[in-house]
Amino acid sequence: MADKITSRDINYSEWYNDLVLQSGLAEYAAVRGCMVIKPHGWAIWENMKSILDKMFKDTGHVNASFPLLIPKSFLEQEEGHAEGFAKECAVVTHYRLKTDPDRKGKLIVDNESKLEEELIIRPTSETIIWNCYKNWIQSYRDLPILINQWANVMRWEMRTRLFLRTSEFHWQEGHTAHATKEEAVEETVKMLNVYADFMENYMAVPVIKGVKTINERFAGAEDTYCVEALMQDGKALQMGTSHFLGQNFAKAFDVKFLSKEGKLEFAWATSWGVSTRMMGALIMAHSDDNGLIIPPKLAPLHVVIIPIYKNEEQLKTITEKADAIMKALKAKNISVKFDDSDQNKPGWKYAEYELKGVPVRIAMGMRDIENNTVEIARRDTKEKSVVSADGVDAYIENLLNDIQQNIYNKALSYRNNNLHEVNTWDEFQIQIEKGGFISAHWDGTGETEEKIKEETKATIRCIPLDAKEESGVCVYSGKPSERRVLFARAY
RNA sequence: CGGGGCGUAGUUCAGCCCGGUUAGAAUGCCUGCUUUGGGAGCAGGAGGCCGCUGGUUCGAAUCCAGCCGCCCCGACCA
């Protein structure tokens, strides 16, 4: 057996890269920092999208599309936002090329096509959207505006990793406008809950909901809420964010409305997003050295049937029986593929579908035909069992639910076993080396947060929403603290 | 932006130090036969601007210079 994938124990980071490449999720593009998301990867992303899209619509949102290019002056409008994103913007300066007079067949930038105002490729769309909202909002009757867009964005990252951080990435960004602060805050939290629901119940990744510290806040936000998850190597990953933007963008773009009382007021804003980074989370939360483990609710293919035969006649017999099973499975909305290709032996196929993360495999040979059985193997535990062919559709339906639950439980117990309350600085330093979340008291200052980061590389992932009031002393400075916050080394 | 690595067949790489037949292997691909319950075997075959440009030389994948690209490790980030 060829070892295509580095073991997690040897090098987690190589394991991740090998897995993404070998399982056919994605590959490196010819452009630095960019990736090609291949059909298998895109199919999973599409499943994520369609579930989330429905959740957004069920909570009253509608989709729209705004331009890829944003005038530089728009980005300058909101000061914090501008400073935050300035360093990572791709800039369009010209609109034309021409043939190089000195080198036949080559193209050069036509300097006569220089743009009067540079355009930037959107790193996020608050500015161009709020420029529109200025025209759309005059009265409280125009509010709320609840818009989402599915889009690609670009941030010129210095260091990139497949799915986790690429220069171009795909995401959704919700941008809402409200008449009151309360309503905007409510929206921010509502969408955070939608994200958490999706991550736990579909991705099978347990998350912790919280609020970011000022240092970690989104550029231009009043408050950034987030969902944080723990990966198998003990590092944390921010899986999504939801921002309460206050009136910052309304003021920057002069978006005012006339209230019921006849007063002119600035609108209140939120924005919230999740990206293809979730693909990275999905991979790192569940998969093993044999390949991907995809929760059934997101798997592009639920079941693969592999026939084992010695001749055409046997294949025909097996195919007939497999057809009946497939029909029954499809009737239950379970996707199934019959792989009767003659190119590879069954053993090769087993390994291949395990690599790709298909949750359930059925093997059928003549032995099964004689006994009216099939062999069923589940991807998450790799357990095999021989079951009666009668009612196999119901068996698999249950099995898929069981797999979904089992994957989640496993991730949850890992997360819980790696979340430690720590009360002294010595303990903190020892524990952070072991990985996982650390729940500790913090004095609330940016200085302490910075020092901890410098000394341990750990950041405050969030102040958990369910953090209980508990007086204590800061693990670093010894100053008083009212609640514990979550620390971790993060992606 | 610093530090390191790599660029040779579709893919992974050897060859380079020490220049010299027609540039190799594995794997994948094509043809045929035998196989098929955990990554099959045999036989035959196709496949290369040796990253680019220039230099040294009778002769360059190999030596020299410049350039380009990508990956990995650190500082910034969803």
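Quick note on labels: first sequence line is chain A, next is B, and so on, each numbered from 1. All figures in this text were calculated on a predicted structure; none of them were measured in a lab.
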Separation of atom CD in Gln343(A) from atom P in A40(B), rounded to whole Å: 13 Å
Sugar-phosphate, base or nothing in reach of Thr166(A), heavy atoms under 4.0 Å: base
Ser388(A) and Asn372(A), any side-chain heavy atoms less than 4.5 Å apart: yes
Nucleotides 70-75 of chain B: protein proximity per nucleotide (B base, S sugar-phosphate only, - neither; heavy atom, under 4.0 Å): SSSSBB
Side chain to side chain contact (heavy atoms under 4.5 Å, CB included) involving Asp289(A) - partner list, sequence neighbours excluded: Ser7(A), Arg8(A), Trp15(A)
Ring centers of His81(A), Phe249(A) separated by less than 6.0 Å: yes
RNA chain B contacts among residues 363-380 of chain A, heavy-atom distance under 4.0 Å: Ala363(A), Gly365(A), Met366(A), Arg367(A), Asp368(A), Glu375(A)
Residues which pass side chain to side chain contact (heavy atoms under 4.5 Å, CB included) with Ala64(A), listed by chain and number, not counting sequence neighbours: Phe66(A), Ile147(A)
Shortest non-hydrogen contact between Val274(A) and Leu52(A), atoms and distance: CG2-CD1, 3.8 Å
Under 3.5 Å between N/O atoms: give me all the protein pairs with nucleotides 43-50 of chain B, atom names plus distance.
none

Distance in angstrom units between Tyr350(A) OH and G38(B) P, rounded: 6 Å
Separation of U36(B) P from Asp339(A) CG (nearest whole Å): 18 Å
Sugar-phosphate, base or nothing in reach of Lys345(A), heavy atoms under 4.0 Å: base
side-chain hydrogen bond (donor to acceptor under 3.5 Å, both in side chains) partners of Glu187(A), counting only residues at least two apart: His61(A), Trp272(A)
Output field: ring centroids Phe169(A)/Trp171(A) closer than 6.0 Å: yes
Glu228(A) with Lys209(A): basic N within carboxylate O range, under 4.0 Å: no
Gap between atoms CH2 and P, on Trp156(A) and C1(B) respectively (whole Å): 12 Å
Residues Arg32(A) and Glu157(A) bridged, charged N to O under 4.0 Å: no
Side chains of Thr213(A) and Glu449(A), donor plus acceptor under 3.5 Å: yes
Set of salt bridge (Lys or Arg N to Asp or Glu O under 4.0 Å) partners for Asp233(A), sequence neighbours left out: none
Contacts of Lys434(A) that satisfy salt bridge (Lys or Arg N to Asp or Glu O under 4.0 Å) - sequence neighbours left out: none
Residues within residues 299-322 of chain A bordering RNA chain B, heavy-atom distance below 4.0 Å: Ile308(A), Tyr309(A), Lys310(A)
Heavy-atom side-chain proximity of Tyr353(A) to Asp339(A) below 4.5 angstrom: yes
Charged N-O contact under 4.0 Å between Lys451(A) and Glu455(A): no
Interatomic distance where CG belongs to Leu164(A) and P belongs to C76(B) [whole Å]: 18 Å
Lys235(A) NZ - A78(B) P separation (whole Å): 15 Å
Phe163(A) or Lys384(A), whichever maps to the more 5' nucleotide of RNA chain B: Lys384(A)
Whole-Å P distance, C76(B) and U12(B): 33 Å
d(CG, Asn344(A); P, A40(B)) in whole Å: 8 Å
From G39(B), A78(B), U35(B), nucleotide with atom closest to Glu352(A) side chain: G39(B)
Thr224(A)-His243(A) side chain donor-acceptor pair, cut-off 3.5 Å: yes
Positions of residues 201-221 of chain A (non-hydrogen atom under 4.0 Å from RNA chain B), listed by number: none
Salt-bridge present (Glu354(A), Arg379(A); N to O < 4.0 Å): no
Interatomic distance where CZ belongs to Arg361(A) and P belongs to G39(B) [whole Å]: 12 Å
Distance-only donor-acceptor test (3.5 Å): side chain Glu354(A), base G38(B): yes
Side chain to side chain contact (heavy atoms under 4.5 Å, CB included) partners for Ala219(A), two or more places apart: Phe85(A)
Basic-acidic side-chain contact under 4.0 Å: Arg378(A), Asp402(A): yes
Sugar-phosphate, base or nothing in reach of Glu454(A), heavy atoms under 4.0 Å: nothing
Spacing of the P atoms in A60(B) and C52(B) (rounded, Å): 15 Å
Residue pair Lys212(A) / Tyr225(A), side-chain heavy-atom distance below 4.5 Å: no
Pair assignment for RNA chain B - dot-bracket with | for other-strand partners, Watson-Crick or G-U under 3.5 Å: (((((((..((((......[...)))).((((((.....)))))).....(((((..]....))))))))))))....
